[in-house]
Amino acid sequence: MGTPERLSEHVQLEIREPIAILTLDRPDKRNALDGGTVRALGAFFADPPSGVVAAVLTSSGEHFSAGLDLSELTTTTVIEGVVHSRGWHEQFDKVQLGTIPVVSVLRGAVIGGGLELAIATHIRVAEPSAYYALPEGSRGIFVGGGASMRLPRLIGVHRMADMMLTGRVIDASTGLDLGISQYLVEAGEGLVTAIQLAERIAENSPVTNYAVLQALPRIAEMGPQEGLFVESLMAAISQGSDEAKSLLEEFLSGRAAKVVASEVAR
Ligand code: 1HE
């Protein structure tokens, strides 16, 4: 087990190769996200340590994150507001479009910018306490960390509009049904499940993981024929890798794990 260190004032980092565990660590402020935290996360995922091929993003205390540190907004001008929001876009793009898959653990409040961070991660494991909200409407602001781009792709424009206009809070079970999380586990099981998933992801060929992070979201945004063509290119690139050749050979010689129905049904 690695020794935890500080990535920044409010982010703890533990390396357990081949995975890294990042912890939002500002429980007294419900893990509200200040600029230093957002920049530290972006910098980590833009250039992860060698030997780390998957990550878990979790939190201290009862909540994942109460969103933007609202104390940062009280004196901003319009142009500073644009720059602030564009900074979040840049850093969260480094999470989503980086090179290592990120599994997040969602508990308690996953609000505003906290939800924006969560949906920039690739796999979200929720505990029953998780709840999702966009209270920007009641604060007189708009989302600024990518929610209007990422969230409608998960739940649809009209559900997001409902959350913003009425302040509707979505519970963990509904969040699972809508795809906000892909997993819903028992209370206290989120971190252990996320670590298991990250370790499983780390066993994949790096080419496949890279393709899932880089090619898949782009293909999903393309026209059908362009997307199919890029899929073929990515398929050929991955098939040509040394990892693919040895993994296929392992299967054909009966040495590889088979697909197990109970794992798939989870
Ligand atoms: C904060 C923040 C914050 C808590 N920025 N300081 N997000 C919100 O509008 C959500 C605001 N927060 C809440 O609704 C509640 O704090 C919670 C439901 C998350 C938790 O409630 P509770 O009763 O456990 O804690 P609390 O007493 O409200 O908060 C504890 C402390 O954290 C308190 O500070 P203290 O000095 O009085 O102890 C709170 O002020 C502080 N705190 N949340 C700053 N968000 C890129 S655009 C993204 C736009 C958004 O994210 S908008 C949504 C913002």
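All values derive from a computational prediction rather than experimental measurement. Remember, it's 1-based here, ligands and their atoms both numbered in the order they're listed. Heavy atoms only: backbone and side chains are in, while hydrogens, waters and symmetry mates are out.
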Please check if [X] and [Y] belong to a single hydrophobic cluster, counting links between Ile, Leu, Val, Met, Phe, Trp and Tyr side chain heavy atoms closer than 4.5 Å.
{"X": "Leu154", "Y": "Leu106", "value": "yes"}
{"X": "Phe45", "Y": "Ile15", "value": "yes"}
{"X": "Val212", "Y": "Leu57", "value": "no"}

Counting distance only, does the side-chain N/O of [X] pair as donor-acceptor with the main-chain N or O of [Y] below 3.5 Å?
{"X": "Glu127", "Y": "Arg107", "value": "no"}
{"X": "Asn31", "Y": "His63", "value": "yes"}
{"X": "Arg200", "Y": "Gln196", "value": "no"}

Protein contact of [atom] - nearest heavy atom, named by residue and atom, plus distance:
{"atom": "atom 47 (S) of ligand 1", "value": "Gly144 N, 3.4 Å"}
{"atom": "atom 5 (N) of ligand 1", "value": "Leu70 N, 2.9 Å"}
{"atom": "atom 40 (O) of ligand 1", "value": "Lys29 NZ, 4.9 Å"}
{"atom": "atom 50 (C) of ligand 1", "value": "Glu136 OE2, 3.3 Å"}

Grab the two heavy atoms, one from Pro101 and one from Val53, that are nearest each other, plus how far apart they are.
CD-O, 3.4 Å
Any nitrogen or oxygen of [X] lying under 3.5 Å from a nitrogen or oxygen in ligand 1? Just yes or no.
{"X": "Arg30", "answer": "yes"}
{"X": "Gly145", "answer": "no"}
{"X": "Gly113", "answer": "yes"}

Using heavy-atom distances only, which candidate in Phe142, Trp88, Tyr131, Phe64 approaches atom 18 (C) of ligand 1 most closely?
Tyr131
Heavy atoms only, cut-off 4.0 Å: how does [X] contact ligand 1, side chain, backbone, both, or neither?
{"X": "Ala66", "result": "both"}
{"X": "Arg139", "result": "side chain"}
{"X": "His84", "result": "neither"}
{"X": "Ile141", "result": "side chain"}
{"X": "Phe92", "result": "neither"}

Could [X] and [Y] be called an ion pair, given the rule that one side-chain N must be under 4.0 Å from one carboxylate O?
{"X": "Asp69", "Y": "Arg26", "value": "yes"}
{"X": "Arg86", "Y": "Glu90", "value": "no"}
{"X": "Arg30", "Y": "Glu62", "value": "no"}

Scan the protein's non-hydrogen atoms and note whether one is under 4.0 Å from [atom].
{"atom": "atom 43 (N) of ligand 1", "value": "yes"}
{"atom": "atom 28 (O) of ligand 1", "value": "no"}
{"atom": "atom 24 (O) of ligand 1", "value": "yes"}
{"atom": "atom 15 (C) of ligand 1", "value": "no"}

Does Glu116 come within less than 4.0 angstrom of ligand 1, counting non-hydrogen atoms of the residue?
yes
Any Asp28 heavy atom less than 4.0 Å to ligand 1
yes
With heavy atoms of [X] as the reference, note each atom of ligand 1 found under 4.0 Å away.
{"X": "Leu68", "value": "3 (C), 5 (N), 45 (N), 48 (C), 49 (C), 50 (C), 51 (O)"}
{"X": "His63", "value": "24 (O)"}
{"X": "Pro135", "value": "8 (C), 9 (O), 53 (C)"}
{"X": "Gly67", "value": "51 (O)"}

Within this structure, what is the CG-OG1 distance for the pair Leu216 and Thr208, rounded to the nearest 0.5 Å?
12.0 Å
Starting at CG of Leu151, measure out to OH of Tyr132 and round the result to the nearest 0.5 Å.
11.0 Å
Heavy-atom side-chain proximity of Met149 to His89 below 4.5 angstrom:
no
Whether over 12 other heavy atoms sit under 6.0 Å from Asp242 CG:
no
